[in-house]
Amino acid sequence: MIEYDSAKIEAKWQRRWAQANAFCAKDFDAERKKRYVLVMFPYPSGDLHMGHLRNYTIGDVVARYYRMLGYNVLNPMGFDAFGLPAEQAAIDRQVHPRDWTNEAIKTHKRQLEQAGFSYDWARMVNTSSPDYYKFTQWIFLKLFEMGLVYRREAPVNWCEEHGVLADEEAPEGRCWRCGEIVHAKMLSQWFIKTTEFADELLRGIEALNEWPERVRVMQRNWIGRSMGTEVKFYIPAINKSVEVFTTRADTLFGVTFLAFAPEHNLAEELAKIGGKLDEFTSFREAVNKVSTIERFAEEKEKSGIYLGLNAVHPLTGEEIPLYCADYVLMEYGTGVVMGVPAHDTRDFLFAKKYELPIIKVIERNEDSSNEGEAELPYTGYGVMVNSNEFSGKKSEEGIRELNTLIESKGLGGAKVQYRMRDWLVSRQRYWGVPIPIVWCDNCGAVPEKYDNLPVILPENVEFTATPSGRLATNPDFVRTVCPNCGRSAKRETDTMSTFVDSAWYFLRYCDPKSEKEPFRKELVDYWMPVDEYIGGIEHAVGHLLYSRFICYALNRAGVISFKEPFRRLFTQGMLYKDGAKMSKSKGNVVSVDHFLQKYGSDTARMISLFWGPPERDVEWQEGGVEGCFRFIKRLFNFFVSTWDYVKDATSVNLENPSDQEKEFLHIIHSGIYDVTETLNNWHFNTTVSSLMILFNRLSDAWGKLSDKQKGLMSLRFLLKEALLTLLKLLSPISPHVAEELWEFSGQSGFVMHAEWPKYDERFLKRAEIEYGISINGKPRSTITVQLGTDLEDVRRLALEEPKVKSLVAGKKVIRVIVVPDRLVNIVVR
RNA sequence: GCCGGGGUGGCGGAAUGGCAGACGCAGUGGACUUAAAAUCCACUGGGAGAGAUCCCGUGCCGGUUCGAGUCCGGCCCCCGGCACCA
């Protein structure tokens with residue numbers, strides 16, 4: 001008998017699929033509806049492990065299922081190939097990042113092919129190739145043109161020896177190379193104005209009803225819209241006003257100080273005039289010395305200094321002292337807060353420390369009966385007190401009326417504030433997309449012309465230079481001419497964050513060979529949006545929000561005609577082993593190569609689904625692997641050994657099926673039903689169970705037949721049908737063995753292109769139905785009746801069942817509930 | 001603190017308000033074998049009982065219902081995210 005040989009079978013079918021272009025997506029197919037299935041593309045580094053394989057399997061099963069349902073499926077794959085590790089390899093191992101990256105891509109591609117993933121490789125995208133990053137630059141220029149790109153100073157992690165560090169290179173505020181404390185250093189950098197779309201992006205979330213709720217919440221929090229009031233406080237010493245933002249205008253009468261962020265550009269000037277420059281300078285230095293993490297740690301005591309000047313309260317005219325305080329954030333609001341110690345925890349702590357007055361202006365509502373009501377700070381809403389004409393009003397009412405009053409006096413008014421900040425895209429690194437900007441002494445920062453794209457990333461640079469200086473070490477790259485005036489000029493030597501590369505790759509898949517433009521609009525409009533986007537929760541805000549932003553912006557530019565790129569989002573769980581997420585750095589990986597060699601990809605794909613629900617984290621379990629492997633082998637052996645019995649069977653009349661025939665029909669159709677339903681609901685772990693049940697029932701039922709019955713044409717025909725159906729149902733999950741048996745049984749074409757089986761309602765239920773009988777809700781017995789037995793008869797039979805009869809004897813039957821095809825509950829007293 | 005997701009056998013996990021524990025793993029017994037592996041068959045939530053059976057069981061307390069793992073109210077615990085955001 002033929003033996004199951006996974007390696008041989010899998011190599012064979014991967015070759016055949018490739019030769020036949022079996023995974024090719026067809027642009028503008030008029031016959032079929034499109035489905036765009038996408039798994040977040042990987043950063044190519046090292047080998048794939050089983051955790052990756054699980055993610056890609058989810059996407060591939062969906063893609064293969066949709067194909068069999070008759071959709072025109074786009075299932076692409078590519079590589080997010082720029083980034084830090086490649087550059088680090090260049091330093092550590094003297095390999096060029098390009099070679100290191102291309103090597104990793106080759107390995108990844110081979111492993112993905114060996115797993116049998118049905119990607120349309122003709123559409124492969126590599127973000128580090130000039131054909132691709134040309135258009136990353138194109139998009140940057142487009143945003144520039146739209147006024148969505150600007151430059152300003154922003155802090156970077158700075159190590160005296162190693163220059164600019166990425167966040168992951170500065171764990172716990174220390175340089176990962178030398179361990180020195182990392183400081184914040186201000187550097188002029190490029191920003192993309194994501195805040196321009198803050199409100200649109202926020203409102204857009206409402207329509208994303210096929211996204212997981214937690215991701216929507218995370219995006220809402222990230223955008224962080226809050227409604228409040230902007231109020232001007234006049235500072236006589238400089239004859240200027242300063243604006244503060246507050247969500248609690250109702251506490252305005254309780255303001256006893258104003259606090260500036262140390263980074264605020266007015267703070268130093270005020271300290272100077274106030275005669276407190278020395279104190280201010282040493283305070284600011286002290287603040288800078290502590291790492292950002294420490295400064296904003298939860299238990300950190302608040303500190304600050306008096307700036308020696310006062311402002312005037314806009315409503316009461318009272319003098320309010322000006323402070324500089326370390327707990328005030330420059331990045332949020334205006335960088336100045338009004339201090340209301342009685343009704344804000346932080347202001348309260350600050351006021352206590354510096355002995356500032358605490359004025360209570362909000363009284364708790366009476367109905368929120370609180371005995372210890374004297375306790376301050378009280379941060380909730382309530383009734384205003386000590387607030388002149390506003391005393392007695394409710395907080396909500398006070399806020400509304402104060403907004404109007406402040407506005408009428410020209411002191412500010414209602415204001416919407418976002419937590420979201422603009423997107424810092426400059427990276428002081430070599431291995432990334434060159435920012436297409438030219439620095440000209442006459443014209444300043446000038447965007448490169450579209451025609452001059454791509455600005456090629458040079459091969460030759462000094463990797464021994466500090467990260468920020470590497471690209472600058474190639475004089476041929478730096479030297480250029482100004483696109484504006486034609487005089488000699490210098491190129492920008494920062495590169496772009498890789499989040500820019502990955503914010504549009506899903507558009508490139510729609511038209512990957514386009515040369516003049518990033519993609520043809522009609523192709524993107526055909527394929528987009530992505531119907532099923534699969535990836536990790538770690539991208540809930542960063543990648544997903546940037547991608548949404550890019551689409552909103554390109555939509556405004558008229559480049560695409562939709563806004564939301566991802567119709568449905570599926571966040572898959574992580575694979576854990578020994579209590580930690582499977583990752584190379586943790587040293588707990590199970591390599592794909594090793595696994596595929598031992599069991600084959602059909603088993604790998606099956607077990608990675610079978611471990612648990614796809615959206616949940618699961619723990620690696622060697623035991624389950626054996627189970628799947630055995631199942632595939634059993635199925636293979638059964639198929640090969642029984643096929644001879646049934647292969648010649650021809651269609652028979654099944655108008656009045658016998659009991660055995662009914663049993664086979666039931667097994668087949670309930671199997672189709674279960675597999676289809678679980679696939680539709682993405683319960684892939686139970687899809688695997690359903691396949692096992694289908695097979696187990698089938699082999700049991702066949703095994704129980706007598707030799708004479710096995711000779712009957714009708715049963716042979718039904719088994720044949722069942723086996724071929726099973727192959728189709730198995731095909732999305734374990735496609736190679738399905739193809740092998742499909743061919744073995746003499747079928748034509750690929751099973752992956754076969755039509756998905758349909759079930760017949762009539763056969764979903766067994767010919768005989770077992771009813772459970774409960775008395776007062778406790779299961780007591782069972783009866784078996786013919787399918788379709790009248791419910792009245794079921795009720796009668798249940799009551800006549802001997803055990804039930806004896807248990808009910810002497811009691812009064814109050815009610816009998818008959819649930820069709822399930823159970824009878826008898827209520828007695 | 002706020003938000004999101006979970007708590008079911010020895011383990012991973014099933015279960016449109018309808019016989020809890022499907023499927024798989026592990027375990028026990030048996031068949032085959034000189035033996036082991038592989039394979040196949042049977043059993044396998046806990047307790048009581050010789051047995052038919054009975055009692056208890058889905059984190060805890062209560063409620064709705066003929067019937068609750070599932071719905072409602074109140075807690076406890078675990079995991080993840082966010083947070084000096086004014």
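Keep in mind that this is a model prediction, so the values were computed, not measured. The analysis underlying the following values was restricted to heavy atoms, covering all of them including side chains, and did not include hydrogens, waters or symmetry mates. Sequence lines set the chain letters: A, B, ... in the order given, protein chains first and strands last, and positions in each chain run from 1.
When heavy atoms are screened at a 4.0 angstrom cut-off, A:V819 is found touching base atoms of the nucleic acid. A:Q417 comes within 4.0 angstrom of nothing in the nucleic acid, heavy atoms only. Residue A:K803 is in sugar-phosphate contact alone, with no base atom involved, counting any heavy-atom pair closer than 4.0 Å across all strands shown. If you check every strand for non-hydrogen atoms under 4.0 Å, A:R421 touches a base.
Classified by interplanar angle (parallel below 30°, tilted 30° to 60°, perpendicular above 60°), the ring pair A:F631/A:F695 is perpendicular. Aromatic ring pairs are classed by plane angle as parallel below 30°, tilted from 30° to 60° and perpendicular above 60°; the pair A:H264 and A:F260 is perpendicular.
If you take atom P in B:C60 and the same atom in B:G51, they sit 30 Å apart, rounded to whole Å. Distance check on atom C1': B:G47 versus B:A38 gives 38 Å, rounded to whole Å. Between the P atoms of B:A15 and B:G63, the separation comes to 29 Å (whole Å). B:G10 sits 33 Å from B:G1 when the P atoms are compared, rounded to a whole Å. Look at the C1' atom in both B:C79 and B:C84: the space between them is 26 Å, to the nearest Å. Rounded to whole Å, the separation between the P atoms of B:U70 and B:G7 comes to 11 Å. A gap of 42 Å separates the C1' atoms of B:A48 and B:A35, to the nearest Å. Comparing B:C76 with B:C61, their P atoms sit 15 Å apart, to the nearest whole Å.
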Dump the pairs, protein N or O against N or O of nucleotides 66-71 of chain B, anything under 3.5 Å, distances to one decimal.
unit_1	atom_1	unit_2	atom_2	d
B:C66	OP1	A:R815	NH1	3.2
B:C66	O2'	A:N825	ND2	3.2
B:C66	O2	A:N825	ND2	2.7

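In this entry the distance linking OH of A:Y332 with P of B:A86 reads 4 Å, nearest Å. Rounding to whole angstrom units, CG of residue A:L823 and P of B:A15 are separated by 19 Å. Rounded to an integer number of Å, the gap from CD of A:E213 to C1' of B:G80 is 15 Å. In this structure, CG of A:D617 is placed 13 Å from P of B:G7, rounded to the nearest angstrom. Whole-Å rounding puts the A:E622 CD to B:C25 P distance at 13 Å. In this structure, A:E615 atom CD and B:G6 atom P are separated by 8 Å, rounded to whole Å. We find that CD1 of A:I607 is positioned 8 Å from C1' of B:G24, with the value rounded to whole Å.
Nearest nucleotide to the side chain of A:R634, out of B:G81, B:C3, B:G24: B:G24.
With a cut-off of 3.5 Å on both pairing distances, the Watson-Crick or G-U wobble partner of B:C40 is B:G30. When Watson-Crick and G-U wobble pairs are counted only if both distances are under 3.5 Å, B:A48 pairs with B:U53. In this structure, B:C75 and B:G59 make a Watson-Crick or G-U wobble pair, each of the two defining distances being under 3.5 angstrom. Look at B:C19: it lacks any Watson-Crick or wobble partner with both distances under 3.5 angstrom. Figure legend. B:C82 is base-paired to B:G1; pairs are counted as Watson-Crick or G-U wobble with both atom distances under 3.5 Å.
Glycosidic conformation, B:G9: syn, with the torsion inside 90° of 0.
A close approach under 4.0 Å does not occur between any side-chain nitrogen or oxygen of A:N696 and OP1 or OP2 of B:C23. For B:C25, one of the phosphate oxygens OP1 or OP2 lies less than 4.0 angstrom from a side-chain nitrogen or oxygen of A:R630. Close to B:C56, at under 4.0 Å from its OP1 or OP2, lies a side-chain N or O of A:K778.
Remark: the A:E801 side chain and the A:S781 side chain contain an N/O donor-acceptor pair separated by less than 3.5 Å. Defined by atom type and a distance below 3.5 Å, a donor-acceptor pair is present between the side-chain atoms of A:Y418 and A:D199. Between the side chains of A:D347 and A:Y327, at least one donor N or O lies within less than 3.5 Å of an accepting N or O. Neither side chain, A:Q572 nor A:R616, offers a donor N or O lying under 3.5 Å from an acceptor on the other.
Ranked by how close their nearest RNA chain B nucleotide is to the 5' end, A:V625 and A:E619 are led by A:E619. Residue whose closest nucleotide on RNA chain B sits further toward the 5' end, between A:P613 and A:M692: A:P613.
A:R605 forms no cation-pi arrangement with A:W611, by the criterion of a distance under 6.0 Å to the ring centre and an angle within 45° of the ring axis.
For the pair A:T246 (side chain) and A:R248 (backbone), a donor-acceptor distance under 3.5 Å is present. Of the possible donor and acceptor atoms, none in the side chain of A:D344 sits under 3.5 Å from a partner among the backbone N and O of A:G339.
Looking at A:R400 and A:E396, no side-chain N of the basic residue comes within less than 4.0 Å of a carboxylate O on the acidic one, giving no salt bridge.
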